[in-house]
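Here's the structure we're looking at; comments come further down.
Start at 1 with the first residue, then count along the sequence. Basis for what follows: all heavy atoms, side chains included, without hydrogens, waters or symmetry-related copies.
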Amino acid sequence: QVQLVESGGGLVQAGGSLRLSCAASGRTFSNYAMGWFRQAPGKEREFVASIPRTGGSTDYADSVKGRFTITRDNAKNTAYLQMNNLKPEDTAVYYCAADPSILIWRVPHRWDYWGQGTQVTVSS
């Protein structure tokens, strides 16, 4: 089992920045790809970004490319999502996810472990 705890959400004005953190425990962090997803009210959970086990080739949804950056620190068992130039449409609950597979998928049901989520609200 992997336990994931997100933090760093909050209320920010459009154009502002936030950094989300996802602290992992329970298993060897570097054995898991990490991902961020989000879910707005009335919408399905959607892929935001992912990073493989040892970093390197990151992947982003088109809607956040160039504004968000996913990183990980395997020494600290933590993944991060730096969000810049935030827009009201970025408002959602943000979830981090972990999966031991080498292949990284954009679909939520392919990810084994999830955090409880952190709310991000962007005001216009």
Side-chain angles (χ1 to χ4, degrees):
Q1 284 280 8
V2 175
Q3 291 78 45
L4 304 173
V5 179
E6 302 98 334
S7 61
L11 173 64
V12 64
Q13 288 188 334
S17 298
L18 284 173
R19 188 176 82 154
L20 305 183
S21 299
C22 175
S25 62
R27 292 288 176 93
T28 303
F29 182 68
S30 59
N31 286 346
Y32 293 82
M34 298 299 296
W36 287 94
F37 292 76
R38 66 187 181 186
Q39 188 166 16
K43 295 188 177 182
E44 294 186 351
R45 192 169 298 190
E46 65 174 3
F47 170 80
V48 175
S50 66
I51 187 167
R53 299 174 180 184
T54 55
S57 299
T58 54
D59 186 27
Y60 297 94
D62 288 345
S63 59
V64 306
K65 199 172 292 183
R67 300 188 297 121
F68 290 12
T69 303
I70 185 171
T71 57
R72 65 188 297 159
D73 186 336
N74 286 348
K76 295 184 177 180
N77 294 343
T78 302
Y80 304 95
L81 186 68
Q82 178 66 44
M83 305 186 295
N84 298 330
N85 190 21
L86 282 160
K87 304 176 181 181
E89 51 264 42
D90 294 318
T91 295
V93 177
Y94 283 71
Y95 298 90
C96 72
D99 193 84
S101 300
I102 294 175
L103 293 177
I104 300 175
W105 302 89
R106 290 189 168 196
V107 289
H109 74 264
R110 286 283 190 169
W111 292 76
D112 282 354
Y113 302 101
W114 293 86
Q116 82 290 348
T118 185
Q119 177 71 46
V120 171
T121 303
V122 184
S123 63
S124 56

Residues at least two apart in sequence or cross-chain that pass side chain to side chain donor-acceptor pair (under 3.5 Å) with Ser17, listed by chain then number, are Asn84
Check whether any side-chain heavy atom of Tyr80 sits under 4.5 Å from a side-chain heavy atom of Leu20, and report yes or no.
no
A side-chain contact here means heavy atoms from C-beta on lying under 4.5 Å apart; do Trp114 and Pro108 qualify?
yes
Where Tyr32 and Thr28 come nearest, the two heavy atoms and their spacing:
CD1-O, 3.2 Å
Is it the case that the side chain of Trp111 and the backbone of Trp105 share a donor-acceptor pair, with hydrogens and angles ignored and the cut-off at 3.5 Å?
yes
With a 4.5 Å limit on heavy-atom distance, are the side chains of Val48 and Leu81 in contact?
yes
Okay, side chain of Arg72, backbone of Asn77: is any donor-acceptor separation there less than 3.5 Å?
no
Closest approach of Leu18 to Leu86 (non-hydrogen atoms, all atoms of both residues)
N-CD1, 3.9 Å
Straight-line distance of Asp73 CG to Ser30 OG, nearest 0.5 Å:
11.5 Å
Keeping the roles fixed (side chain from Gln82, backbone from Phe68), state whether a donor-acceptor pair exists under 3.5 Å.
no
Candidate pair Phe37 and Tyr95, rule ring pair (Phe, Tyr, Trp, His ring centres under 6.0 Å), full reasoning:
CA-CA 5 Å; Phe37 292 76; Tyr95 298 90; 8.8 Å; no
So, Arg110 and Asp99, do they make that salt bridge, N to O below 4.0 Å?
no
Can a donor-acceptor pair be found, under 3.5 Å and without considering hydrogens, that links the side chain of Ser50 to the backbone of Gly35?
no
For Met83, which of Val120, Val122, Val12 qualifies under side-chain contact (heavy atoms from CB on, under 4.5 Å)?
Val120
Locate the shortest heavy-atom distance separating Ala24 from Leu4; write the atom from each residue and the value.
CB-CD2, 3.6 Å
Over all atoms of both residues, closest heavy-atom pair of Glu6 and Gly117
OE1-N, 2.9 Å
If only atom types and distance count, is the side chain of Thr78 paired as donor or acceptor with the main-chain N or O of Lys76 below 3.5 Å?
yes
CD-OG distance between Glu46 and Ser63, expressed to the nearest 0.5 angstrom
5.5 Å
Does Ser7 reach the side chain of Thr118, with side-chain heavy atoms less than 4.5 Å apart?
no
Say whether Tyr94 and Phe47 are linked into one hydrophobic cluster, either directly or through other cluster members, by side-chain heavy-atom distances under 4.5 angstrom.
no
Considering only NZ, NE, NH1 and NH2 on the basic side and carboxylate oxygens on the acidic side, decide whether Asp62 and Lys65 come within less than 4.0 Å.
yes
Would you say Val93 ends up clustered with Met34 if hydrophobic residues are merged whenever their side chains have heavy atoms under 4.5 Å apart, either directly or through other cluster members?
no
Atom of Tyr60, atom of Arg106 and distance for their closest heavy-atom approach
O-NH2, 2.9 Å
Okay, side chain of Arg38, backbone of Thr91: is any donor-acceptor separation there less than 3.5 Å?
no
Return the CG to CD1 distance between Asn31 and Ile102, rounded to the nearest 0.5 Å.
10.5 Å
Please check if Phe29 and Trp36 belong to a single hydrophobic cluster, counting links between Ile, Leu, Val, Met, Phe, Trp and Tyr side chain heavy atoms closer than 4.5 Å.
yes
Could you tell me which non-hydrogen atom of Arg53 sits nearest to which non-hydrogen atom of Ser101, and how far apart they are?
NH2-C, 3.9 Å
